[in-house]
Number of protein chains: 2
Amino acid sequence: MGEGIGSVEKASRGGWKQDPEGVRSNIVAVAMAEFAQNGLSGARIDEIAAKTLTSKRMIYYYFGDKEGLYRTVLEEAYRKVRSGEQELDLEHLAPDAALARLVEFTFDHHSSNPDFIRIVMIENIHHGAYLEQSDLIATLNEGAIRKLEQICARGRAAGLFRPEIEPLELHWMISALSFFNVSNRPTFSRIFGPALFGAEGQKTLRGHAVEMVMRFVKA
Amino acid sequence: MGEGIGSVEKASRGGWKQDPEGVRSNIVAVAMAEFAQNGLSGARIDEIAAKTLTSKRMIYYYFGDKEGLYRTVLEEAYRKVRSGEQELDLEHLAPDAALARLVEFTFDHHSSNPDFIRIVMIENIHHGAYLEQSDLIATLNEGAIRKLEQICARGRAAGLFRPEIEPLELHWMISALSFFNVSNRPTFSRIFGPALFGAEGQKTLRGHAVEMVMRFVKA
DNA sequence: ACGACAATGTACGGGACGGTTAATTATGTC
DNA sequence: GACATAATTAACCGTCCCGTACATTGTCGT
């Protein structure tokens with residue numbers, strides 16, 4: 001929730017009464033929540049329109065069709081989350097501390113963005129067919145991995161990490177633990193009880209995630 | 001794919017021409033594939049019916065409605081996978097070897113049952129609402145964790161494992177790595193390339209999963 | 001053999017839902 | 001101020017799709 005509406009300042013010409021950018025971003029915000037909640041085929045255009053400040057016609061005016069809207073939402077979700085990740089600087093930390101910090105951050109960050117997780121789950125259900133069409137995504141690659149490359153290089157140089165550690169594989173591990181922790185909460189909690197997902201349990205699991213990664217890289 | 005149809009022997013009375021059990025299980029098999037492929041709202045009853053050896057009428061006759069069919073599929077998916085897990089005996093192995101074996105097995109088992117993974121993903125998208133209604137599931141708890149409890153006990157007794165290791169938390173880790181490896185393959189592969197998901201990459205990741213868990217539990 | 005009932009096939013209704021058509025208002029241009 | 005164009009509204013349409021009514025056949029008990 002939070003801001004919800006989504007307003008944008010006009011840059012080019014003078015004052016407008018009509019606010020296309022605002023309408024657009026409002027639609028995307030509503031649609032993101034709705035797709036995250038119900039999936040691509042589960043989400044209802046009429047429902048999205050109703051929760052919007054505008055009408056259904058606008059959705060088709062700006063996004064063409066349901067899939068066009070979904071694609072936009074998907075890209076926006078990635079953009080939003082990755083931008084949140086930028087605010088983390090690890091340069092000033094020792095390599096092992098930096099890695100530990102990165103794991104903690106990723107764990108928490110995923111935990112605080114369940115809608116993003118759900119969108120990614122949904123996209124995976126669709127075999128990544130829509131992400132396939134987006135070329136924005138390729139660039140997000142860079143930033144996510146670069147941090148790990150630097151940490152690995154420094155850790156290896158300092159003799160702290162094993163030399164054969166691969167940044168991409170490390171990223172896979174960290175993502176797996178952080179993602180699963182959110183994505184499979186409902187079923188896991190139902191089968192094995194909710195203990196791991198309370199405040200205490202989450203602190204423990206986060207600690208374990210850090211511990212696993214640290215022990216894995218240690219020389 | 002594989003057998004596909006699903007035929008069942010009659011137990012009670014003499015020979016039948018009509019085969020309700022066969023029809024039933026045939027529907028479930030088809031529906032499982034279809035739900036796994038398209039999700040709950042994405043799956044089409046008409047499509048399921050068409051791929052069945054029988055008619056749409058039978059689906060409603062046996063399962064009431066779409067959600068009833070989905071619930072059955074969900075339970076059946078868990079049952080099938082858990083029964084596959086039974087065939088693993090670890091008693092005769094040393095605790096550390098047993099644990100390593102369990103991780104390898106889980107990793108491979110998830111990898112060979114993508115439809116099960118997809119069903120669980122879908123169920124999580126639905127907040128586990130349908131699993132909630134099933135009481136069969138509680139019993140699956142037992143077997144899955146018991147193995148780990150025994151391994152932990154033996155490992156601790158032998159002084160190989162840290163004493164504070166919790167079986168449930170261990171299960172969470174193993175599941176996370178094994179599950180994510182399948183569930184997020186499409187998006188991960190799209191963003192970071194398919195290298196990790198070829199034969200070579202998978203062997204590496206499986207090794208890493210084992211390594212992570214082993215290093216984590218080591219005293 | 002026959003009645004009861006389980007199992008199955010066919011055809012169709014009704015509503016939800018994605019998408020569109022045509023008209024209306026606001027904004028900038030000359 | 002008139003005109004072109006962007007932004008927006010409201011009503012509507014056609015189809016996909018879940019579920020059902022009705023008819024029919026097979027099987028078992030007696």
Side-chain angles (χ1 to χ4, degrees), chain A residues 5-31 34-35 37-74 122 126 129-130, chain B residues 5-31 34-35 37-73 122 126 130:
Chain A
I5 296 178
S7 58
V8 173
E9 304 308 319
K10 273 289 60 215
S12 41
R13 311 298 200 298
W16 276 38
K17 186 187 167 193
Q18 292 180 158
D19 182 13
E21 288 302 319
V23 168
R24 214 187 125 93
S25 68
N26 171 240
I27 292 174
V28 171
V30 171
E34 205 64 13
F35 279 127
Q37 192 67 16
N38 305 110
L40 173 50
S41 45
R44 299 289 158 236
I45 292 284
D46 288 308
E47 187 66 19
I48 293 173
K51 291 181 177 170
T52 295
L53 296 176
T54 175
S55 69
K56 178 161 70 156
R57 181 66 184 81
M58 287 295 93
I59 294 174
Y60 290 96
Y61 184 69
Y62 284 121
F63 304 99
D65 60 4
K66 196 184 190 182
E67 297 194 351
L69 178 58
Y70 173 76
R71 268 193 299 271
T72 306
V73 164
L74 180 63
I122 289 162
H126 292 282
Y130 299 93
Chain B
I5 297 178
S7 58
V8 172
E9 305 307 320
K10 274 289 59 220
S12 41
R13 311 299 198 299
W16 277 38
K17 188 188 166 192
Q18 292 180 161
D19 182 14
E21 287 302 318
V23 168
R24 214 186 125 93
S25 68
N26 172 240
I27 293 174
V28 172
V30 171
E34 206 63 15
F35 279 127
Q37 192 67 14
N38 305 109
L40 173 51
S41 46
R44 300 286 158 242
I45 292 283
D46 288 306
E47 187 66 18
I48 293 173
K51 293 180 177 170
T52 295
L53 296 177
T54 174
S55 69
K56 180 161 68 156
R57 179 66 184 80
M58 287 296 92
I59 295 175
Y60 289 96
Y61 184 69
Y62 284 120
F63 305 99
D65 60 5
K66 196 184 190 182
E67 298 195 351
L69 178 57
Y70 173 77
R71 267 193 299 271
T72 306
V73 164
I122 289 162
H126 292 284
Y130 299 92

Show, in sequence, the C-alpha distance, side-chain angles and deciding distance for B:F63 and B:R71, and conclude whether the side chain to side chain contact (heavy atoms under 4.5 Å, CB included) test is met. CA-CA 9 Å; B:F63 305 99; B:R71 267 193 299 271; over 6 Å; no

Near DNA chain D, counting only heavy atoms under 4.0 Å, which residues of residues 56-68 of chain B show up? B:K56, B:R57, B:Y60, B:D65, B:K66

Search all heavy atoms of [X] against all heavy atoms of [Y] and return the closest pair with its distance.
X	Y	answer
B:K56	B:I45	CD-CG2, 3.6 Å
A:T52	A:T54	CG2-CG2, 2.9 Å
A:S55	A:A49	C-CB, 4.3 Å
A:G39	A:I122	CA-CD1, 3.5 Å
B:N26	B:L53	OD1-N, 3.0 Å
B:E34	B:A43	O-CB, 4.1 Å

Near DNA chain C, counting only heavy atoms under 4.0 Å, which residues of residues 40-50 of chain B show up?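 By residue number: none to list.
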
Within less than 4.0 Å of OP1 or OP2 of D:dT9, is there a side-chain N or O belonging to A:T54?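 Affirmative; the distance criterion is met.
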
Less than 4.0 angstrom between a side-chain N/O of B:S55 and OP1 or OP2 of C:dT10, yes or no?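 Result: no.
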
Mind calculating the distance between [atom1] ([X]) and [atom2] ([N]) to the nearest angstrom?
X	N	atom1	atom2	answer
A:N26	D:dA7	CG	P	16 Å
B:I27	C:dA7	CD1	C1'	11 Å
B:Y70	D:dC18	OH	P	16 Å

A:F35: ring-ring contact (aromatic ring centres under 6.0 Å, His included) partners, not counting sequence neighbours: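 Checked A:F35 against ring-ring contact (aromatic ring centres under 6.0 Å, His included); matches are A:Y70.
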
